[in-house]
Each structure stands twice: as C-alpha cells, then as structure tokens.
Amino acid sequence: MGSTVVETDRSARVEVEGVTKSFSGETVLDGVTLCVEPGSTVALLGPSGCGKTTLLRVIAGLESADAGTVVVGDRVLTGPGTFVAPEDRRVGMVFQDWALFPHLSVARNVGFGLPRPERRSSPRIDESLRLVGMEGFADRMPDTLSGGQQQRVALARAVAPRPSVLLLDEPFSNLDATLRVRVRSEIHDLLHQLGITSIFVTHDQDEAFVLGDRVAVVSEGRIVQTGLPEDIYERPATPWVAGFVGAADFVPGEVSGSQVSTLLGRLPVAAVDEPPVAGGPASVLVRPEHLVLEPADDRGADGAAGVVRTVEYVGRDTVYVVEAGGVLLRARELGPPRFAVGSSVRVAHRGGPVRVFSDDRVDPD
Ligand code: ATP
C-alpha cells in the first residue's frame with residue numbers, strides 16, 4: 001500500500017433525510033434517513049431487492065427522489081426544487097465489476113474522469129496511484145494485472161477526481177472467496193488512509209462488519225437500524241435484524257425487573273435505548289456461541305435438559321441443534337463433535353446480558 005496521506009478536507013458529511021422513491025407505484029425507498037460522518041465508512045446491509053442500490057443511485061444523482069433531501073457537506077444535491085447533475089456532485093461511484101478500460105494503460109484509466117488537459121498525465125494520476133500502492137504500474141495494461149491490482153487501480157480512478165464521497169456498490173461480489181477476504185481488508189485500510197467519506201452496499205454480513213465503521217441495516221426500503229457492528233449484533237433493534245446479522249434463536253421468557261426467567265435459567269436483560277420490556281412474557285434472543293453443552297450426567301451442569309438432534313462439524317467448530325423444553329436451539333463450540341445425535345445433554349447460557357423482545361415483535365417464522 002502507498003504512504004499515508006489523510007486529506008480530510010476532501011471528505012464531507014453525507015446527510016440523507018426522508019428520501020422516498022417509487023418505481024411504477026411500487027415504493028422502493030420509504031423515508032430513508034442516514035447520516036455519514038466525514039471520513040467514515042458506512043455499510044448499507046440488506047437482503048436482495050431492499051433498495052440499497054437505489055439509495056446509492058439517489059445519492060449519486062443517477063436517480064431522482066420523489067421526496068427528501070441529499071446534502072453533502074454544505075451543498076444540497078437533491079431537495080425540493082434542487083437537483084445537481086451527477087457530474088457536478090463530486091460523488092465518485094465504484095460499481096460491482098470495477099471494470100477498467102482494457103485498451104487504456106493504468107495511468108489513462110486513472111486519468112479518465114479528470115478534466116481533458118489532465119487525462120494523459122497529471123500529478124493527480126500519480127498521487128492516486130501512489131495512494132493505492134500502484135505507483136510503478138502506470139504504463140501497464142489492465143490485462144497484465146492481478147484481480148486485486150485491478151481493483152486498486154479502479155479505486156485510484158474513482159478517487160482521482162477528488163470526490164467528497166465515494167459510493168461502492170457490492171464492490172467484492174465478483175471475486176472468489178479468498179481474494180475477497182484479502183481485497184476487502186486492503187480496501188478497508190485504504191479508505192481509512194484516504195480519509196474519504198464512503199458508503200458501500202453489501203448483502204454480506206461479514207463484509208459489512210469488517211468494512212463499515214457503522215452499519216445501516218436496510219429492509220424493504222427503510223433503514224431499520226444504524227450503529228456500530230457490535231451494537232447491531234449485540235443489541236439488534238428487531239428480531240429480524242438479529243436473524244439477518246447472525247444465527248438467532250428465541251426462547252420464551254418472563255421478564256421481571258432486570259432479569260428474565262427462561263428454560264435456560266434466570267438471565268440478565270441487556271440495556272437498550274428503547275423502553276425495555278417492562279415485565280411479563282417476552283422472547284429472548286439466544287446466539288449459538290452463547291450456549292454450552294455438558295453431558296446430562298454432569299452433576300455440576302446447570303441449564304436445561306436437552307437432546308442433540310443434529311450435529312454439523314465444519315472443520316473448525318461444531319454446530320449442534322438441541323431440543324430443550326420444546327424449543328430447537330443451535331449451540332456452537334470450537335473443535336470436533338463431543339456429542340452424537342440422540343445424546344442427552346445439559347444446555348446452559350454463557351453469554352452476557354440477553355436481548356429481549358416483546359412477544360408480538362417476533363415473527364413466528
Ligand atoms: P440487490 O442486492 O439485489 O442488488 P438492492 O437492495 O440493491 O438489491 P435495488 O437494486 O435498489 O435493490 O432495487 C430495489 C427494488 O427496486 C427492486 O424490486 C428492483 O426491481 C426495483 N427497481 C430498481 N430500479 C428500478 C427501475 N429503474 N425501474 C423499476 N424498478 C426498479
């Protein structure tokens with residue numbers, strides 16, 4: 001990677017407020033509000049078709065909004081009576097395929113979006129290549145580069161015009177699994193070095209958590225939760241978010257004060273911003289990594305009696321499905337299986353405070 005140059009004057013705050021967009025009467029964005037701090041990276045995480053790309057396109061000016069505003073820095077780009085053309089927004093966009101022009105050298109690719117006199121040679125081309133650690137490659141042709149190098153050049157091309165904001169649409173979807181993991185951590189470092197405000201779209205939870213300083217979870221055209229990755233995972237706003245960002249099972253509970261009684265015993269209730277379930281019946285989120293299994297005849301074991309229904313060993317850890325108190329629960333532990341299907345076990349909760357939801361919020365599916 002190139003030497004670090006943090007040019008915070010480049011970055012700007014992005015404020016999206018109440019953006020609504022329909023296609024043929026179908027609402028695709030339903031009052032989206034999102035704020036991205038200068039120089040930070042937000043991951044828009046959501047299932048296919050929830051409106052992530054449409055939101056990026058509205059920010060880039062490639063789509064108009066039916067209502068709402070997009071403000072970058074102190075400039076209103078989209079708003080009542082205002083629509084700044086995409087080329088005047090100083091918003092860079094990197095698409096899924098990061099495609100380079102095959103007949104142009106690396107330097108010409110990077111210069112492509114610059115004013116005409118600067119396209120063949122300019123300090124901005126050199127600077128951008130240096131930032132992505134590709135300064136020795138200016139005269140190479142794209143087909144002589146590795147996949148990861150091509151992506152770095154595509155990133156250099158996106159940042160060369162010095163956008164205030166960089167938008168990335170599923171930037172790693174075309175890479176194989178190994179390259180994807182390597183490139184995403186390189187790009188993560190690079191975005192931080194650049195200090196550029198960036199928003200990227202993904203439906204991959206790992207990717208969102210690794211790359212996003214903050215994660216905005218999108219469902220059916222709405223942002224249902226925005227927060228640090230650990231907030232989203234530990235304190236999901238809804239049962240749907242809990243299940244979308246990880247394996248989530250629910251056990252019935254009875255809340256009393258700061259504790260909840262469940263078949264796994266009495267557990268402390270996690271503090272959340274919204275009013276907690278005051279008392280009475282609730283659904284309690286249980287993650288597989290928070291459950292431990294012990295042999296049923298282990299005298300010291302606490303928790304609930306259960307029977308192992310399935311065992312999946314994936315080479316590093318084992319996931320069991322255990323039936324306890326009429327509920328199926330997943331339990332994950334490191335290493336090869338210790339219990340066979342049909343084993344009687346005790347299942348106990350070893351996580352910290354648990355997230356509880358009022359019963360009417362848990363989808364029966
Ligand atoms: P994916 O992860 O599959 O790319 P996404 O969350 O990015 O999905 P969008 O591409 O924003 O979703 O699309 C949201 C919905 O809007 C989809 O139902 C899509 O078919 C619809 N849509 C998007 N663009 C248009 C358009 N130009 N005309 C009509 N419908 C559109």
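Count residues from 1 along the sequence. Note that ligands are numbered from 1 as they come in the structure, with each ligand's atoms numbered from 1 the same way. Because the structure is a prediction, the values reported are computed rather than measured.
Using a cutoff of 4.0 Å between basic side-chain nitrogens and carboxylate oxygens, Lys21 and Glu26 are not scored as salt-bridged.
Distance alone, capped at 3.5 Å, is enough to place a donor-acceptor pair between the Arg89 side chain and the Ile59 backbone. Of the possible donor and acceptor atoms, one in the side chain of Asn109 sits under 3.5 Å from a partner among the backbone N and O of Leu104. Here the side chain of Arg90 pairs no donor or acceptor atom with the backbone of Pro161 at under 3.5 angstrom.
Looking at Glu170 against ligand 1, only its side chain comes within 4.0 Å, counting heavy atoms. Counting heavy atoms closer than 4.0 Å to ligand 1, residue Thr53 contributes atoms from both its backbone and its side chain. At a 4.0 Å heavy-atom cut-off, ligand 1 does not touch Ser24 at all.
Those atoms of ligand 1 that come under 4.0 Å of a heavy atom in Thr54, given as number and element, are 9 (P), 11 (O), 13 (O), 23 (C). Residue contact check: Pro47 has heavy atoms under 4.0 Å from atoms 6 (O) of ligand 1.
Remark: ligand 1 and Gly49 share an N or O pair separated by less than 3.5 Å (distance only, no angle test). On a distance-only criterion, Val201 and ligand 1 share no N/O pair closer than 3.5 Å.
From Leu56, atom CG reaches atom CG of Leu168 across 8.0 Å, with rounding to the nearest 0.5 Å.
The residue among Ser48, Ser22, Gly51, Ser219 with a heavy atom at the shortest distance from atom 3 (O) of ligand 1 is Ser48.
Using a 4.5 Å heavy-atom cutoff, the side chains of Arg140 and Ser105 are not in contact.
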